[in-house]
2 protein chains.
Amino acid sequence: MAAEFITETVHSERRITKVFKALSDSTRQQILHLLEEKHRNVGEIVGKFDLSQPTISRHLSVLKEADLVIDQRQGQNVVYRLNDGTLSRSMQHFFGQFAGCQSALR
Amino acid sequence: MAAEFITETVHSERRITKVFKALSDSTRQQILHLLEEKHRNVGEIVGKFDLSQPTISRHLSVLKEADLVIDQRQGQNVVYRLNDGTLSRSMQHFFGQFAGCQSALR
DNA sequence: GCGGCTCATATCCGCAGTGTCAGGGGTTCA
DNA sequence: TGAACCCCTGACACTGCGGATATGAGCCGC
């Protein structure tokens, strides 16, 4: 009766796991907070950190893969905005499975 | 004005980041679900997976480090139980910062 | 079309994470 | 005390992640 829960493969990761992986980095958390204030292009985000542009770009792609942000090209710039619908749904789906969290959810 | 958000060091990680790291692994998610049903000792948990006992033990220590589980020795066994208070608080603290999640929180 | 600006991708490097097996410490019981 | 059981830790291998630099692709303005 071993491995009865193993349902994912290396290349198709559960959505919720992807979301948690995306959230499990301080820089990406901070990026989300920046995008919560307002949508920003990549250069603006880079300016907030002591990290190179490619590094930020990769963080953004991780967040995009997790569907936590949405990108849109505007001329030369690429504007990123928060996709808080994913945040909200992920939260309800995962935490809603735990009885101890029910009281905190609507 | 770079790096204005950098507030943590390598060895003192923010609690919320530790929680997300702990949650960002499928095996650990499944362990939490097992412990949500009831508290279990290590052997019982190992029996649910195709992983060695030391591997499960490591996962349990990660969950314990994140304060998501509580361990208690009972004779030969070590019983783990879910600490859903941490789950609930983490959820409210982090997701509560995002306007798009307010409607889902009580 | 060319140069310049913005952003993404390729590649490399160091380190952290996840798995293994071997071994040891704590507990129980005879 | 010693054997048996349960679990943790150490050492190692392999993989993945998060940084960097170099380069390419896309979009302007001239």
Side-chain angles (χ1 to χ4, degrees), chain A residues 2-3 5-6 8-14 17-32 34-35 39-66 69-81, chain B residues 2-3 5-6 8-14 17-31 34-35 39-66 68-81:
Chain A
F5 286 96
I6 306 300
E8 38 182 288
T9 62
V10 175
H11 289 289
S12 79
E13 199 169 47
R14 282 170 57 200
T17 302
K18 229 173 206 175
V19 170
F20 282 136
K21 275 199 205 304
L23 293 176
S24 70
D25 179 274
S26 162
T27 299
R28 289 193 289 267
Q29 290 171 27
Q30 292 162 26
I31 290 175
L32 290 182
L34 287 173
L35 297 182
H39 44 85
R40 301 172 190 260
N41 62 42
V42 177
E44 291 171 337
I45 300 171
V46 171
K48 296 288 187 180
F49 297 90
D50 274 338
L51 296 172
S52 69
Q53 176 270 317
T55 295
I56 296 296
S57 192
R58 278 225 315 230
H59 280 306
L60 287 169
S61 80
V62 171
L63 291 169
K64 183 181 166 185
E65 263 299 305
V69 300
I70 299 169
D71 65 333
Q72 184 177 15
R73 176 169 282 278
Q74 289 187 3
Q76 287 182 328
N77 299 325
V78 175
V79 175
Y80 281 82
R81 79 187 65 230
Chain B
F5 287 97
I6 306 301
E8 40 182 288
T9 62
V10 175
H11 289 288
S12 79
E13 200 168 47
R14 281 171 58 199
T17 302
K18 230 173 205 173
V19 170
F20 282 135
K21 274 199 207 304
L23 293 175
S24 69
D25 179 273
S26 163
T27 299
R28 289 194 288 268
Q29 289 171 26
Q30 292 163 25
I31 290 176
L34 287 173
L35 296 182
H39 45 83
R40 302 173 190 257
N41 63 40
V42 177
E44 290 172 336
I45 300 171
V46 170
K48 296 289 186 179
F49 296 90
D50 274 338
L51 295 172
S52 67
Q53 178 271 318
T55 295
I56 297 296
S57 195
R58 287 260 153 70
H59 281 305
L60 287 169
S61 81
V62 172
L63 291 170
K64 183 180 166 187
E65 264 298 307
L68 288 169
V69 300
I70 298 169
D71 63 334
Q72 184 176 16
R73 176 168 282 278
Q74 288 186 4
Q76 289 182 327
N77 299 325
V78 175
V79 175
Y80 282 82
R81 82 186 65 222

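In the text below, chain A, chain B and the rest are named by the order of the sequence lines, each starting its count at 1.
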Given DNA chain C, 5'-ward residue of the pair Ser52(B) and Glu44(A), judged by closest heavy atom
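It is Glu44(A) whose nearest nucleotide is closer to the 5' end.
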Would you mind telling me which residue lines up with the more 5' stretch of DNA chain C, Val42(A) or Pro54(B), judged by nearest nucleotide?
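Its nearest nucleotide lies further toward 5', so the answer is Val42(A).
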Quick check: does any side chain N or O of Ser24(A) sit under 3.5 Å from a backbone N or O of Lys21(A), one acting as donor and the other as acceptor?
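Flag set: sc Ser24(A) to bb Lys21(A) pair under 3.5 Å.
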With a 3.5 Å cut-off and heavy atoms only, can you find an N or O donor on one side and an acceptor on the other between the side chain of Arg28(A) and the base of dG18(D)?
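There is none.
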Donor-acceptor pair under 3.5 Å: do we get one between Arg58(B)'s side chain and the base of dG17(C)?
no
Hey, does the side chain of Asn77(B) come within less than 4.0 Å of dC5(D)'s phosphate (OP1/OP2), counting only N and O?
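So the side-chain polar atoms of Asn77(B) never come under 4.0 Å of the phosphate oxygens OP1 or OP2 of dC5(D).
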Between Tyr80(A) and dA8(C), is there a side-chain N or O to OP1/OP2 distance below 4.0 Å?
yes
Counterpart residues, side chain to side chain donor-acceptor pair (under 3.5 Å), relative to [X] (two or more places apart):
{"X": "Gln72(A)", "answer": "Arg81(A)"}
{"X": "Gln53(B)", "answer": "none"}
{"X": "His39(A)", "answer": "none"}
{"X": "Ser61(B)", "answer": "none"}

Please state how far atom [atom1] in [X] lies from atom [atom2] in [N], giving the value in whole angstrom units.
{"X": "Leu23(B)", "N": "dT18(C)", "atom1": "CG", "atom2": "P", "result": "12 Å"}
{"X": "Asp71(B)", "N": "dC7(D)", "atom1": "CG", "atom2": "P", "result": "12 Å"}
{"X": "Ile56(A)", "N": "dT9(C)", "atom1": "CD1", "atom2": "P", "result": "15 Å"}
{"X": "Arg40(B)", "N": "dC7(D)", "atom1": "CZ", "atom2": "C1'", "result": "18 Å"}
{"X": "Asp50(B)", "N": "dT20(C)", "atom1": "CG", "atom2": "C1'", "result": "14 Å"}
{"X": "Glu13(B)", "N": "dA16(C)", "atom1": "CD", "atom2": "P", "result": "11 Å"}
{"X": "Glu65(A)", "N": "dG16(D)", "atom1": "CD", "atom2": "C1'", "result": "15 Å"}
{"X": "Leu60(A)", "N": "dC7(C)", "atom1": "CG", "atom2": "P", "result": "10 Å"}

[X], nearest nucleotide to its side chain (from [options]):
{"X": "Ser57(B)", "options": "dC6(D), dA8(C), dC8(D)", "value": "dC8(D)"}
{"X": "Thr55(B)", "options": "dT20(C), dC7(C), dC7(D)", "value": "dT20(C)"}
{"X": "His59(B)", "options": "dA8(C), dT18(C), dC7(D)", "value": "dT18(C)"}

Do Thr27(B) and Leu51(B) come close enough that some side-chain heavy atom pair is under 4.5 Å?
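Result yes, sub-4.5 Å side-chain heavy-atom pair found.
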Once each nucleotide of nucleotides 24-30 of chain C is scored for protein heavy atoms under 4.0 Å, what B/S/- sequence comes out, 5' to 3'?
---BS--
For Leu51(B), report the nucleic acid contact type (base, sugar-phosphate, nothing); a contact means any heavy atom under 4.0 Å.
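Since only primed, P, OP1 and OP2 atoms lie under 4.0 Å of Leu51(B), the category is sugar-phosphate.
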What pairs with Arg40(A) under salt bridge (Lys or Arg N to Asp or Glu O under 4.0 Å), at least two apart in sequence or on another chain?
Glu37(A)
Candidates Lys64(A), Arg28(A), Gln30(A) - the one meeting side-chain hydrogen bond (donor to acceptor under 3.5 Å, both in side chains) with His59(A)
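Only one option passes, and that is Arg28(A).
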